[in-house]
Every structure is written in C-alpha cells, then in structure tokens.
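All remarks here apply to the structure that follows.
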There are 2 protein chains.
Amino acid sequence: MSLAHVILGLLQQQERTGYDLKTECFDDCISHLWPADQAQIYRTLDKLESQGWITCTVEIQHERPNRKVYRITEAGEAELTHWLQTHHPLPVLREPLLVQLYFAAQLPDEAIVYLLEQEREARQEKLAQCETIEGLSLSNPTASREQKLHRLVLNLVKQREQTYLDWLEKAIATIRSQSD
Amino acid sequence: MSLAHVILGLLQQQERTGYDLKTECFDDCISHLWPADQAQIYRTLDKLESQGWITCTVEIQHERPNRKVYRITEAGEAELTHWLQTHHPLPVLREPLLVQLYFAAQLPDEAIVYLLEQEREARQEKLAQCETIEGLSLSNPTASREQKLHRLVLNLVKQREQTYLDWLEKAIATIRSQSD
DNA sequence: TGCTATTATATGATTAATCATATATAGGAT
DNA sequence: ATCCTATATATGATTAATCATATAATAGCA
C-alpha cells in the first residue's frame, strides 16, 4: 500500500502527528498527488507503528487533546529508501467520461457536446488548482534539489490536464462540425 | 458504480452471458477503458438483475455448463440513457512514480534515472497495446458513428501516453544534464 | 494415463478508499 | 445561550476491486 510510503516520506522530512499530516500535508501540498482521508491516515499510522517503521510519543496537553507525535525509525528509513527505488505497476485509470463517449452513439450530438463541456469545466478547474500549488512553490525562491523534483512532478500533472483540455476542444469541434 | 453501467452499455449492444462479457468485451475491446475481474462481473450481473435493469434466461446445455443469458430491460435502457448524460466527478489518479519522484531528493541521480527509464518502458508497452487495439479498429472499414466515438476515445488514451513519454524523456535528460 | 485448456458460474477473503460518527475542550461569533 | 470552528484521535460500516479457489464436463495433447 503506497499511502504507507507517502507517510514514511513525510515523516522523514520531520516528525508529525496524524493531525499535522492531514492538515499540513494531505490537504495542501500533496492533495493532487495522493489524497487521503483522515480515517485512513490514522489507521495507516497504527499499521506503520506495529510494523516497526515509525515510533510514537504522546505529548500530554492540558487545554487540548493529547498529541501522538510520530517519528520514522531506521527500519522505516530503510524501507522507504528501498520502496523509492522499486518499479511499481502502472496504476489503472477508469474514466466514466470515456465510457460514456464509448457508448454515446445513441445520444444526440448536443448531449455529447454538453458532456464534453462539463468535463472541460472540471478539467479547467483542476488545472487552475495545479497552478495555485505551483504559485506557492515558485514564491519560494530557493531552488533546492527537492524543489526541482516537486516542480518536475507538477509539470507532468499540468501537462496532462492540458493534453486533456486540448483533446476536449478538438472533440467538441469535431462533433459540432459533423452535425452541421 | 460504473462497472454496472459499462455492463448495461454492453448488454444494450446485444445479449450476452457473464462469460461472453469477460472474454469478448472486458479482455479485449475495453480492457484499456474499464478492466474488470470475472468475479466482479458475475456479482454485478446479480445486482443488475435484482435492480430490474437486466433479465436472465438459462440456456440448458448438455455437454457444457448451462449458460445464463442476460438482456437489458426497458428500465435498464432508461437508466443507461440517463447515466450516459450525467456528469461524474473526475476520477482520482494516484501514481506511485510521482510520489517516488516527490521524495527522491535523497536518492542519487542514477537511481532516479533508472526509475524513470523503467516507467518509460512500461509506458511504451502500454502505448503499443493501444496501437494494437487501434489497428483492429482501423482494419474495419466502416466508419459508423460508434466507430468514430471509439476512435476519439482511443485518441485521448494514446495522446495521454505520448504526453507521459515526452515528459519522461525531458525529465531523464534534465537529470542527466545536471549531474554532469 | 495424466495434464492442461475451454466453457461456464459461484463464493470466500482481503485490501484500499470513503463516509459517517463519536469523544473532548476551548474560544469566538451570532 | 447556542452554534460553529479548531485541535486531536478513534471506530464502525460500506463500496469497489482483486485474488484465490471450487465445481463440472469435454477435448486434445504428450
């Protein structure tokens, strides 16, 4: 399960609580890479701890609930380094829109165009989100090795959305022109 | 659940058994769109039947196991037509490679390049598979409305792989050049 | 003779992800 | 006075997908 390895990567940067992971990491900087639910984060932390890849110390707080601060162990670092260098099978992408188009022959052209336009809107919004994340990254003037890699990743995500948008434009134009 | 609607779409083309769906549809023409496991196909057929969207007649065979032939109902057709025109949220894509790159700062350049090269190989193979499917489609000279839509879908899948491959080439070149 | 492939359906088990809900305290807003 | 938000963790339930295995008959191959 890769979520475990995402968390190992984040804990190698610095020690964090489950709450930190959710609010500082998964909600912001890696929401576009690996979104994760709060429940799943806590359960994965439990698993990582019982594997011996992270340890936990409880910080007692008085006017707040106690915090469980997690740190990566040496075994955890070894596991992460190994995972980072292992090839994984391509993830499967199942897209409802493509299925709809595949079976859309019975629909009138306007219905198909409407579908494509709605997808275009959603994809434009997603591209805008990527650009917001990029803006945050570029506002930081340091060009560390880490930063460079993060920008490389973001470039693919952006280019992919752009390819999708270009294809949507062409598809909309094709269907509109053939119905004239 | 979209698998249910993929099956409705396939049963609208013609009546089929679970076995037909698996061997003629999911293993071939839509493996790149919506791969599905045999167990899941049979269980989804059960659900669709209890929903009243498909019906089933048993064909008794003597030297083979009996066949359960499924047909779409009017309610099923109505459901499919409605689903085909409904916008669905963008599917989430979680890519191990991008996570690896995001956390790869600690790895030596050669290790990163090796990862990218392995991904390139896998992506090239996938693109080749898409071209095989396209070849089968082009060998059929009819250019029906359905065929046109199928090719449109395939174009996106191919372009997406090409974008990925182009990005991989650039990423490999970038990392190689900076380590000189 | 035994092994494998083909045709055909069914079920048990597990994983990963998501949703909902629970608990507990403090502070600010309406 | 009540409601919402922030901080913090935990658990129950469900869905979608995958893997493994079971049954059962025939045909072909080595």
Side-chain angles (χ1 to χ4, degrees), chain A residues 1-8 15-28 30-31 33-51 54 56-70 83 88-96 99, chain B residues 1-8 15-28 30-31 33-51 54 56-70 83 88-96 99:
Chain A
M1 193 196 29
S2 297
L3 177 61
H5 295 94
V6 177
I7 291 177
L8 283 179
E15 57 177 51
R16 302 181 202 263
T17 66
Y19 189 79
D20 294 339
L21 285 167
K22 179 61 182 155
T23 56
E24 292 167 22
C25 307
F26 287 97
D27 284 351
D28 299 333
I30 54 172
S31 57
L33 263 190
W34 207 281
D37 179 67
Q38 173 263 0
Q40 213 193 344
I41 292 171
Y42 281 98
R43 277 194 267 245
T44 303
L45 285 169
D46 288 344
K47 274 189 211 163
L48 284 170
E49 198 187 3
S50 65
Q51 279 271 329
I54 60 175
C56 163
T57 43
V58 179
E59 270 183 21
I60 284 129
Q61 303 197 112
H62 294 294
E63 293 167 1
R64 291 264 160 258
N66 293 341
R67 290 156 52 87
K68 292 171 78 173
V69 181
Y70 291 95
W83 184 84
H88 301 285
L90 303 189
V92 172
L93 178 53
R94 277 175 248 247
E95 288 193 77
V99 172
Chain B
M1 194 195 31
S2 297
L3 177 60
H5 295 94
V6 176
I7 291 178
L8 284 180
E15 58 177 49
R16 303 182 201 261
T17 66
Y19 189 80
D20 293 340
L21 285 167
K22 179 62 182 153
T23 56
E24 292 167 21
C25 307
F26 287 98
D27 285 349
D28 299 335
I30 54 172
S31 57
L33 262 191
W34 207 281
D37 179 68
Q38 173 264 0
Q40 212 193 345
I41 292 170
Y42 281 99
R43 277 194 267 245
T44 303
L45 285 169
D46 288 343
K47 274 189 210 163
L48 284 169
E49 198 187 3
S50 66
Q51 279 271 329
I54 59 175
C56 162
T57 44
V58 178
E59 270 184 21
I60 284 129
Q61 304 198 113
H62 294 294
E63 294 165 2
R64 290 264 161 257
N66 293 341
R67 289 157 49 89
K68 292 172 78 172
V69 180
Y70 291 96
W83 184 84
H88 301 286
L90 303 190
V92 172
L93 178 52
R94 277 175 249 247
E95 289 193 76
V99 172

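Proteins get letters first, then strands, A, B, ... in listed order; numbering begins at 1 in each.
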Task: Which atom of Gly18(A) lies closest to which atom of Ile41(A), heavy atoms considered - done: O-CG2, 4.1 Å
Task: Residue whose nearest DNA chain D nucleotide is more 5′ - Leu3(B) or Asp20(A) - done: Asp20(A)
Open item on the list: So Thr17(A), base contact, sugar-phosphate only, or nothing? Heavy-atom distance under 4.0 Å.
Closed with: sugar-phosphate
Task: Separation of atom CD in Glu59(A) from atom P in dA8(D), rounded to whole Å - done: 9 Å
TODO: Please figure out whether Ala39(B) or Gln38(A) has its closest DNA chain C nucleotide nearer the 5' end.
DONE: Ala39(B)
Open item on the list: Can a donor-acceptor pair be found, under 3.5 Å and without considering hydrogens, that links the side chain of Lys22(A) to the backbone of Tyr42(A)?
Closed with: no
TODO: Provide the start and end nucleotides, 5' to 3', of the part of DNA chain C that has atoms under 4.0 Å from heavy atoms of chain B.
DONE: dT6(C) to dT18(C)
Task: Interatomic distance where CG belongs to Leu45(A) and C1' belongs to dA8(D) [whole Å] - done: 13 Å
- [ ] Provide, to the nearest angstrom, the distance between the CG atom belonging to Asn66(B) and the C1' atom belonging to dA24(D).
- [x] 11 Å
- [ ] Please state how far atom CG in Asp27(A) lies from atom P in dT7(D), giving the value in whole angstrom units.
- [x] 11 Å
- [ ] Could you pull out the closest heavy-atom pair between Ala4(B) and Thr44(B), with the gap in Å?
- [x] CA-CG2, 3.7 Å
TODO: Under the side-chain contact (heavy atoms from CB on, under 4.5 Å) rule, collect the residues that match up with Asp37(A), sequence neighbours excluded.
DONE: Ala39(A), Gln40(A)
- [ ] Determine the minimum heavy-atom distance between Glu95(B) and Pro91(A), stating which atoms define it.
- [x] CG-CG, 3.8 Å
Open item on the list: Closer than 3.5 angstrom, by distance alone: can the side chain of Asp46(B) be matched with the main-chain N or O of Arg43(B) as a donor-acceptor pair?
Closed with: no
Open item on the list: I need the Ile7(B) CD1 to Trp34(B) CH2 distance, nearest 0.5 Å.
Closed with: 11.0 Å
Open item on the list: Strictly distance-based, threshold 3.5 Å: is any side-chain N or O of Ser2(A) a donor or acceptor partner for the main-chain N or O of His5(A)?
Closed with: no
Open item on the list: Taking the nucleotide of DNA chain C with the nearest heavy atom to each, does Lys47(A) or Arg67(B) sit closer to the 5' end?
Closed with: Arg67(B)
Task: Axis bend over the full length of the helix from dT1(C)-dA30(D) to dT30(C)-dA1(D), computed from five pairs that close each end, to 10 degrees - done: 10°
Task: Minimum-distance pair of heavy atoms, taken over all atoms of Phe26(B) and Pro35(B) - done: CD2-C, 4.5 Å
